[in-house]
Number of protein chains: 2
Amino acid sequence: MLPAGQPKFKRRKADRPDEIVAAAMDVFAEKGFAAARLDDIAARAGVSKGALYLYFATKEDIFRAVIEQGVAPNLGRLQTALAEHDAAFPDLLRAFATIVSSIATDSPVGGIIKMVIGESRNFPELARTWRERLVEPALGVMSGAIAAAQARGELRAGDPRHCAISLVSPMLLGVIWRETFVPVGAEPLDIPTLAQQHVELWLRGMRPDAGAAA
Amino acid sequence: MLPAGQPKFKRRKADRPDEIVAAAMDVFAEKGFAAARLDDIAARAGVSKGALYLYFATKEDIFRAVIEQGVAPNLGRLQTALAEHDAAFPDLLRAFATIVSSIATDSPVGGIIKMVIGESRNFPELARTWRERLVEPALGVMSGAIAAAQARGELRAGDPRHCAISLVSPMLLGVIWRETFVPVGAEPLDIPTLAQQHVELWLRGMRPDAGAAA
DNA sequence: GTTTAATAACTGACCAGTCAGTTATTTATG
DNA sequence: CATAAATAACTGACTGGTCAGTTATTAAAC
């Protein structure tokens, strides 16, 4: 009856928040916001439910923290990727596709995207945050680069924003596919291959006519 | 106090189910499954909560009916669209894009897609149904048509499934954009224009090399 | 007057959030 | 070094509200 050796908990104030957010990420990604129980999150974080409230005021706050934490690292990687700006446009794009597919493949963005989409009406601020901090910057950088390449005559005309969407949408769809249909028996998409094939298609489709003047 | 003329309700057994599903579609699309209250659905359908249970056994059944009803009409329209198969491939594709964007623009698929994505883990059968009855048939028809065109030498080589995804993903993303970011202040995407521009890009990107033999 | 669509008051399960108490850890004291 | 007093991280049983689903009752329809 008496706990022989091990103590029944450790005091680890510094590590708890991150551990809780990580556990919450898993549970939220699996169940969605409403169906996720705080008891589950606590259990997965190796902590009691009460302890959650030592670090977060409400369930919504935990959710916010999860979504927030999903923004920063990806934004960082994208910016880093696009900082190496000196490559020729096609090669830049190929590198970009590689990075996006690696993010898509081995980070939990998938689950987060799902939640941002699914809970956008219930948590408008989250959709706003995600758009302002991740989607718009990324789209902005990309359409900027596209517009510049168009100005240099490397790409043909066309609304740069639409072009950027044409470019990234298959990768995003691949992530959504993995989250939605693969758990239900669908063949996984080979996102890196898909991305590569699509980038080449896009580059050919955006190549200016041979005879056109710059 | 006494209801002078009008009766307090009408008995309309035949019409109720559709009205309930329509009301539920709105509420589910706005709130998601868990956050949607049956009282709200009932109120919007002009009926008491108890009446829902005359036609559906559980909340999940209502949800299933909503998602089911989202499948059929779209499947129908797509099949009809692709039945007119005699046009040349590029024109067929342009017509297809027009139809897809009109579906995207003025049908409630957006809300349904959101729910299928968001609740796929909690309702695996729904994701399965959607995939089996809508996504796979559509993808199948499209990649079949693409493969045929490739065999005829009208399109260059490349995994037909990936090609099909490259083709439709911007439209899908447009719908998701509208559902997720527009309610939060984002500029709406012009889906028809996006679709048109993308189809042309895709056709150019898939055009075989001029010198290549058939 | 019989049938049954429809209502509205009700029940019970579930779960976010609370808090009184417990235990690990730190700090003061001999 | 002990060891006792103080602190704060942590626990888990409890509660209050919400809401899916039930049921006793009413009233429309024929």
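What you are looking at is a predicted structure, and each value in this text was computed from that prediction instead of being measured.
Using cut-offs of 30° and 60° on the angle between ring planes, the pair F28(A) and F63(A) is perpendicular.
Between Q150(B) and A157(B), the shortest heavy-atom distance links the atoms NE2-C, 3.6 Å. For G70(B) against I112(B), the heavy-atom pair with the smallest separation is CA-CD1, 3.4 Å. Here the closest heavy-atom approach between residue F56(A) and residue A65(A) is recorded as CE2-CB, 3.9 Å. In terms of heavy atoms, V66(B) sits closest to V21(B) at CG2-O, 3.7 Å. Here the shortest heavy-atom pairing between Y53(A) and T58(A) reads CE2-CA, 4.2 Å. The two residues V116(B) and T180(A) come nearest to each other via the heavy atoms O-CG2, 3.9 Å.
For the pair W202(A) (side chain) and W202(B) (backbone), a donor-acceptor distance under 3.5 Å is absent. Of the possible donor and acceptor atoms, one in the side chain of H198(B) sits under 3.5 Å from a partner among the backbone N and O of S166(B). No donor-acceptor pair closer than 3.5 Å links the side chain of R128(A) to the backbone N or O of G185(B).
Here E60(B) pairs with R64(B) in a salt bridge; the nearest charged N to carboxylate O distance falls below 4.0 Å. Salt-bridge annotation for E136(A) and R131(A): present, with a side-chain N of the basic residue lying under 4.0 Å from a carboxylate O of the acidic one. Electrostatic pairing of R16(B) and E19(B) counts as a salt bridge here, judged by a charged N lying under 4.0 Å from a carboxylate O. Residues R204(B) and E200(B) are not paired through a salt bridge, judged by the lack of any N-O separation under 4.0 Å between the basic side chain and the carboxylate.
Taking every nucleotide of DNA chain D with any atom under 4.0 Å from a non-hydrogen atom of chain B, the first and last of them, 5' to 3', are dC19(D) to dA29(D).
Near DNA chain D, defined here as any heavy-atom distance below 4.0 Å, there are no residues from residues 56-66 of chain A. Scanning residues 40-54 of chain A for heavy-atom distances under 4.0 Å to DNA chain D yields V47(A), S48(A), G50(A), A51(A), L54(A). Of the residues in residues 10-18 of chain A, those lying under 4.0 Å from DNA chain D by heavy-atom distance are K10(A), R11(A), R12(A), K13(A), R16(A). Listed by residue number, the members of residues 117-126 of chain A with any heavy atom below 4.0 angstrom from DNA chain C form an empty set. Shown for residues 19-30 of chain A: no residue has heavy atoms falling under 4.0 angstrom of DNA chain D.
Rounded to the nearest 0.5 angstrom, I41(A) CD1 and M25(A) CE are separated by 12.0 Å.
Using a 3.5 Å distance cut-off with no hydrogens or angles, the side chains of S169(B) and S169(A) do pair a donor with an acceptor.
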Side chain to side chain contact (heavy atoms under 4.5 Å, CB included) assessment of C163(B) paired with Q197(A):
CA-CA 8 Å; C163(B) 292; Q197(A) 183 175 323; 3.3 Å; yes

